[in-house]
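Remarks on the structure that follows.
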Amino acid sequence: MKRIIFAALLSIGFSVNLSAQTKKIQTKAKPVVPAPSIVNGKLVYTKYCMVCHQIDGGGVMGLNPPLSKTEYVLGDQKRLITIVLKGFNKEIEIDGETYANPMPGLGHLSDQQVADVLSFVRNSFGNKASLITPAQVKAVRASK
(Lines give C-alpha, C1' and ligand atoms only; values in the text may rest on other atoms or scores of the structure.)
Protein backbone atom coordinates (compact mmCIF):
# COMPACT_ATOMS: atom_id res chain seq x y z
CA MET A 1 0.00 0.00 0.00
CA LYS A 2 2.83 2.38 0.89
CA ARG A 3 4.43 1.64 -2.48
CA ILE A 4 1.23 2.51 -4.33
CA ILE A 5 0.85 5.82 -2.47
CA PHE A 6 4.52 6.64 -2.95
CA ALA A 7 4.31 5.76 -6.65
CA ALA A 8 1.19 7.90 -7.01
CA LEU A 9 2.84 10.87 -5.27
CA LEU A 10 5.99 10.45 -7.31
CA SER A 11 3.93 10.24 -10.47
CA ILE A 12 1.94 13.39 -9.62
CA GLY A 13 5.05 15.27 -8.58
CA PHE A 14 6.87 14.21 -11.69
CA SER A 15 4.05 15.29 -13.99
CA VAL A 16 3.79 18.67 -12.20
CA ASN A 17 7.53 19.21 -12.55
CA LEU A 18 7.45 18.08 -16.15
CA SER A 19 4.55 20.41 -16.80
CA ALA A 20 6.43 23.31 -15.19
CA GLN A 21 9.55 22.50 -17.22
CA THR A 22 7.51 22.37 -20.42
CA LYS A 23 6.06 25.80 -19.68
CA LYS A 24 9.57 27.18 -19.14
CA ILE A 25 10.77 25.68 -22.39
CA GLN A 26 7.76 27.01 -24.27
CA THR A 27 8.24 30.55 -22.97
CA LYS A 28 11.94 30.51 -23.81
CA ALA A 29 11.41 29.12 -27.31
CA LYS A 30 9.12 31.82 -28.70
CA PRO A 31 9.60 32.08 -32.43
CA VAL A 32 11.16 35.27 -33.71
CA VAL A 33 8.59 37.08 -35.80
CA PRO A 34 10.17 39.36 -38.40
CA ALA A 35 9.02 42.95 -38.65
CA PRO A 36 6.20 43.45 -41.17
CA SER A 37 8.55 45.53 -43.32
CA ILE A 38 10.90 42.56 -43.67
CA VAL A 39 8.04 40.22 -44.59
CA ASN A 40 6.72 42.70 -47.16
CA GLY A 41 10.25 43.43 -48.33
CA LYS A 42 10.76 39.78 -49.21
CA LEU A 43 7.75 40.01 -51.53
CA VAL A 44 9.19 43.11 -53.23
CA TYR A 45 12.61 41.45 -53.47
CA THR A 46 11.09 38.36 -55.07
CA LYS A 47 9.24 40.43 -57.66
CA TYR A 48 11.89 43.00 -58.60
CA CYS A 49 15.34 41.97 -57.37
CA MET A 50 15.68 38.20 -57.22
CA VAL A 51 16.14 37.67 -60.95
CA CYS A 52 19.43 39.58 -60.90
CA HIS A 53 20.63 39.21 -57.32
CA GLN A 54 19.40 35.60 -56.95
CA ILE A 55 17.33 33.91 -54.26
CA ASP A 56 20.29 33.78 -51.87
CA GLY A 57 21.45 37.34 -52.54
CA GLY A 58 24.67 35.96 -54.05
CA GLY A 59 24.39 37.88 -57.33
CA VAL A 60 25.84 36.72 -60.63
CA MET A 61 29.61 36.71 -61.10
CA GLY A 62 30.75 39.65 -63.22
CA LEU A 63 27.23 40.99 -63.70
CA ASN A 64 25.12 41.58 -60.58
CA PRO A 65 26.82 42.10 -57.24
CA PRO A 66 26.10 40.05 -54.15
CA LEU A 67 24.01 41.61 -51.40
CA SER A 68 25.55 39.77 -48.46
CA LYS A 69 27.86 41.61 -46.09
CA THR A 70 28.87 44.36 -48.51
CA GLU A 71 29.55 48.01 -47.80
CA TYR A 72 26.87 48.96 -50.33
CA VAL A 73 24.18 47.15 -48.34
CA LEU A 74 25.41 47.72 -44.79
CA GLY A 75 27.00 51.15 -45.26
CA ASP A 76 25.55 54.53 -46.17
CA GLN A 77 21.76 54.23 -46.14
CA LYS A 78 21.22 57.28 -48.37
CA ARG A 79 23.50 55.82 -51.03
CA LEU A 80 21.65 52.51 -50.90
CA ILE A 81 18.25 54.21 -51.19
CA THR A 82 19.54 56.29 -54.12
CA ILE A 83 20.74 53.17 -55.93
CA VAL A 84 17.30 51.59 -55.67
CA LEU A 85 15.47 54.76 -56.70
CA LYS A 86 17.79 55.94 -59.51
CA GLY A 87 19.57 52.76 -60.53
CA PHE A 88 23.30 52.14 -60.81
CA ASN A 89 25.34 52.24 -63.99
CA LYS A 90 28.95 52.03 -62.81
CA GLU A 91 31.45 49.24 -62.64
CA ILE A 92 32.08 48.29 -59.03
CA GLU A 93 34.42 45.94 -57.22
CA ILE A 94 33.25 43.85 -54.30
CA ASP A 95 35.54 41.35 -52.56
CA GLY A 96 37.99 41.47 -55.47
CA GLU A 97 35.34 40.77 -58.11
CA THR A 98 34.17 43.34 -60.68
CA TYR A 99 30.48 43.75 -61.48
CA ALA A 100 29.33 45.78 -64.47
CA ASN A 101 25.67 45.08 -65.27
CA PRO A 102 23.57 48.27 -65.07
CA MET A 103 20.77 48.24 -62.51
CA PRO A 104 17.59 50.02 -63.53
CA GLY A 105 16.06 52.47 -61.09
CA LEU A 106 12.97 51.36 -59.23
CA GLY A 107 11.63 54.86 -58.61
CA HIS A 108 8.13 53.66 -59.42
CA LEU A 109 8.05 51.78 -56.11
CA SER A 110 6.41 53.55 -53.19
CA ASP A 111 8.48 54.86 -50.29
CA GLN A 112 7.09 52.00 -48.19
CA GLN A 113 8.08 49.36 -50.78
CA VAL A 114 11.63 50.73 -51.06
CA ALA A 115 11.97 50.86 -47.27
CA ASP A 116 10.62 47.32 -46.98
CA VAL A 117 12.87 45.78 -49.61
CA LEU A 118 15.97 47.49 -48.24
CA SER A 119 15.07 46.45 -44.68
CA PHE A 120 14.71 42.88 -45.96
CA VAL A 121 18.06 42.95 -47.77
CA ARG A 122 19.83 44.56 -44.80
CA ASN A 123 18.54 41.74 -42.58
CA SER A 124 18.89 38.74 -44.89
CA PHE A 125 21.74 36.85 -46.55
CA GLY A 126 23.83 37.01 -43.36
CA ASN A 127 23.29 40.76 -42.95
CA LYS A 128 22.20 42.40 -39.71
CA ALA A 129 21.48 46.12 -39.88
CA SER A 130 18.91 48.72 -38.94
CA LEU A 131 15.64 48.97 -40.80
CA ILE A 132 15.05 51.64 -43.44
CA THR A 133 11.97 53.81 -42.93
CA PRO A 134 9.62 55.27 -45.52
CA ALA A 135 10.54 58.72 -44.15
CA GLN A 136 14.20 58.11 -45.05
CA VAL A 137 13.20 57.07 -48.57
CA LYS A 138 10.94 60.10 -48.94
CA ALA A 139 13.76 62.43 -47.87
CA VAL A 140 16.20 60.91 -50.38
CA ARG A 141 13.60 60.95 -53.15
CA ALA A 142 12.90 64.64 -52.47
CA SER A 143 16.61 65.58 -52.42
CA LYS A 144 17.37 64.27 -55.91
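Only a predicted model underlies this, so the values are computations on that prediction, with no experimental measurement involved.
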Interatomic distance, CG@Asn40 vs CZ@Phe120, rounded to 0.5 Å, equals 11.5 Å

Check your understanding: Between the main-chain N or O of Leu67 and the side-chain N or O of His53, is there a donor-acceptor pair closer than 3.5 Å?
Key -> no

Original post:
Are any of the side-chain heavy atoms of Val60 and Cys52 separated by less than 4.5 Å?
Top reply: no

Would a hydrophobic clustering, with Ile, Leu, Val, Met, Phe, Trp and Tyr connected at side-chain separations under 4.5 Å, put Leu63 with Val84? no

- request: Please report the C-alpha distance between Arg79 and Glu71 in whole Å, then the side-chain angles of each, then the deciding distance to 0.1 Å, and finally whether the side chain to side chain contact (heavy atoms under 4.5 Å, CB included) criterion is met.
  value: CA-CA 10 Å; Arg79 177 181 63 186; Glu71 177 189 334; 3.5 Å; yes

Discussion item. Tell me whether Asn123 contacts the main-chain N or O of Ala129 through its side chain, where contact means a donor paired with an acceptor under 3.5 Å.
Written reply: yes

Practice prompt. Indicate if Met50 and Val121 have the same hydrophobic cluster label, given that clusters are the connected sets of ILVMFWY residues with side-chain heavy-atom separations under 4.5 angstrom.
Written response: yes

In terms of heavy-atom contacts, Pro104 and Pro102 come closest through CD-O, 3.8 Å

CG (Leu85) and NZ (Lys78) are apart, to the nearest 0.5 Å, by 13.5 Å

Ring-plane angle category for Tyr72 and Phe88, please: parallel below 30°, perpendicular beyond 60°, tilted otherwise. perpendicular

Rounded to the nearest 0.5 angstrom, the CD-OG1 distance for Glu93 and Thr98 is 5.0 Å

inquiry  = Test side chain to side chain contact (heavy atoms under 4.5 Å, CB included) on Tyr99 and Asn64; report intermediate values, then the result.
reply    = CA-CA 6 Å; Tyr99 299 89; Asn64 310 311; 5.6 Å; no

Nearest heavy-atom contact between Gly126 and Lys69 is O-CE, 3.2 Å

How far apart are the C-alpha atoms of Ser130 and Gln77, what are their side-chain angles, what is the distance that settles it, and do they pass the side-chain hydrogen bond (donor to acceptor under 3.5 Å, both in side chains) test?
-> CA-CA 10 Å; Ser130 61; Gln77 295 175 2; 2.9 Å; yes

Checklist entry - Mind checking whether Tyr45 and Phe125 have parallel, tilted or perpendicular rings, split at 30° and 60°? => result tilted

| message | Does Asp76 have more than 12 heavy atoms from other residues, nucleotides or ligands lying within 6.0 Å of its CG? | response | yes

Next on the checklist: Quick check against the 3.5 Å criterion: does Glu97 have a side-chain atom that pairs as donor or acceptor with the backbone of Ile94?
Outcome noted: no

Is there a path from Leu43 to Ile55 through hydrophobic residues (I, L, V, M, F, W, Y) whose side chains come within less than 4.5 Å of each other? no

Inset, instruction - Measure from the side-chain N and O atoms of Asn127 to the backbone N and O of Arg122, and report whether any donor-acceptor pair falls under 3.5 Å. - result: no

Check: Step by step, would you call Leu131 with Ile38 a side chain to side chain contact (heavy atoms under 4.5 Å, CB included)?
Finding: CA-CA 8 Å; Leu131 301 180; Ile38 293 177; 3.8 Å; yes

ask   = Heavy-atom distance under 4.5 Å between the side chains of Leu118 and Ile81, does that happen here?
value = yes

- Message: Closer than 3.5 angstrom, by distance alone: can the side chain of Ser119 be matched with the main-chain N or O of Ile132 as a donor-acceptor pair?
- Response: yes

One should read off an interatomic distance between Met103 CE and Cys49 SG, to the nearest 0.5 angstrom, of 6.0 Å

- Pro65 and Ile92, any side-chain heavy atoms less than 4.5 Å apart: yes

Q: Taking the side chain as every heavy atom from C-beta outward, state whether Lys47 and Gln113 have any pair of such atoms under 4.5 Å apart.
A: no

dist Asp116:CG -> Thr133:OG1 (nearest 0.5 Å) comes out at 10.5 Å

